[in-house]
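Everything on this sheet refers to the single structure shown next.
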Amino acid sequence: MTRRDDPLRGALPVQSNLQRSRRASAGFALLELLVASGVLALGLVALTSATWRSHALTRSVEARAHADRALRTTEATIRAFATAQIEGESAWSAEVHAAFGPGGTETFDVPELDPAAGAASVGTILLVTDETATDEELGVKLGMPRDLDGDGAVTNTDVGTAGVLYPVVLTAGWRSERADRTARRGFFLVGL
């Protein structure tokens with residue numbers, strides 16, 4: 001009987017090869033499982049990070065929208081006040097100066113935002129009475145320095161209650177997750 005014809009001899013090597021094949025594929029399946037788990041874990045970390053960044057960006061955009069809305073609303077309130085003073089019997093510049101005073105001492109709040117570090121409120125109102133102030137100093141483009149009292153010269157450092165034109169700078173400063181943020185809005189009040 002030849003090796004081929006012997007049923008017992010031929011079966012052993014085949015069975016042995018089958019067992020080796022099963023053990024090798026079982027080890028390969030475990031390796032595949034570990035690699036797939038690692039890829040899945042990396043994917044979950046990336047998804048979590050992207051979601052967190054998306055939420056942070058959404059909060060940042062919402063905060064900026066609240067600040068912009070407060071700046072526009074405050075500007076409208078100041079303009080309405082100044083217009084009412086023109087229509088009244090009182091001296092326009094004296095009333096505007098008394099209401100909003102120079103030096104940025106007037107403030108406004110934005111309930112949805114927390115003030116920047118060291119600030120008492122989110123918003124400040126700066127009524128500019130210095131004709132020599134520059135746009136760089138004010139932080140907005142208003143075309144300053146400019147004649148504010150109508151005397152033909154740009155030399156007065158305090159036009160006080162004699163102004164016929166008052167630049168106003170509104171600033172909103174709020175705390176965000178990473179750093180303090182600031183938004184500014186500049187406009188003019190024009191009197192008689």
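Both backbone and side-chain heavy atoms feed into the values below; hydrogens, waters and symmetry mates do not.
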Which residues share a side chain to side chain contact (heavy atoms under 4.5 Å, CB included) with A67, sequence neighbours left out: L113, A172, W174
Do any pairs count as a salt bridge (charged side-chain N to carboxylate O under 4.0 Å, His left out) and have a residue in residues 160-179, sequence neighbours left out, and if so which ones? R59-E177
Nearest heavy-atom approach of L165 to W92 is N-CZ3, 4.5 Å
Side chain proximity check, V168 to L170, heavy atoms < 4.5 angstrom: yes
Side-chain contact, heavy-atom cut-off 4.5 Å: F108 with V122? no
What about V169 and V190, same hydrophobic cluster or not, with Ile/Leu/Val/Met/Phe/Trp/Tyr joined at side-chain heavy-atom distances under 4.5 Å? yes
Mind checking whether L126 and L138 have side chains closer than 4.5 Å, heavy atoms only? yes
Show me the pairs that pass salt bridge (charged side-chain N to carboxylate O under 4.0 Å, His left out) and involve residues 109-131, at least two apart or across chains. none
For P115 versus A120, what's the shortest heavy-atom pair and its separation? CG-O, 4.0 Å
Residue pair T107 / S121: nearest heavy atoms and the distance that separates them: CB-OG, 3.0 Å
ILVMFWY cluster membership beyond L47 - transitive side-chain contacts under 4.5 angstrom: none
In Å, rounded to the nearest 0.5 Å, how long is the span from OG1 of T74 to CD of E106? 11.5 Å
Taken in chain and number order and not counting sequence neighbours, the residues that satisfy side chain to side chain contact (heavy atoms under 4.5 Å, CB included) with D135 are K141, L142, M144
T73 backbone acceptor or donor facing T77 side chain under 3.5 Å: yes
Contact list for residues 42-52, test side-chain hydrogen bond (donor to acceptor under 3.5 Å, both in side chains), sequence neighbours left out: none
Could you list the residues that satisfy ring-ring contact (aromatic ring centres under 6.0 Å, His included) with F188, not counting sequence neighbours? none
For T182, check side chain to side chain contact (heavy atoms under 4.5 Å, CB included) against everything at least two apart and list the hits. T171, R184
Which atom names give the shortest non-hydrogen contact between S93 and G163, and what distance separates them? CB-O, 3.0 Å
Give me the other members of the hydrophobic cluster that V61 sits in, counting Ile, Leu, Val, Met, Phe, Trp and Tyr linked by side-chain heavy atoms under 4.5 Å, directly or via other members. L57
Can you name the nearest heavy-atom pair linking D147 to A153, along with the distance? OD1-O, 3.2 Å
Rounded at 0.5 Å granularity, tell me how far OG1 in T132 sits from CG in D158. 10.5 Å
Tell me, please, which residues at least two apart from D68 pass salt bridge (charged side-chain N to carboxylate O under 4.0 Å, His left out). R64
Parallel, tilted or perpendicular, judged at 30° and 60°: which one describes the rings of F81 and F100? perpendicular
Would you please name every residue forming a side chain to side chain contact (heavy atoms under 4.5 Å, CB included) with R79, sequence neighbours left out? E75, F187, L189
For the student: nearest non-hydrogen atoms of V128 and Y166, plus distance: O-CD2, 3.6 Å
Qualifying salt bridge (charged side-chain N to carboxylate O under 4.0 Å, His left out) pairs with a residue from residues 37-46, counting only residues at least two apart or across chains: none
Heavy-atom donor-acceptor pair, D180 side chain to A117 backbone, under 3.5 Å: yes
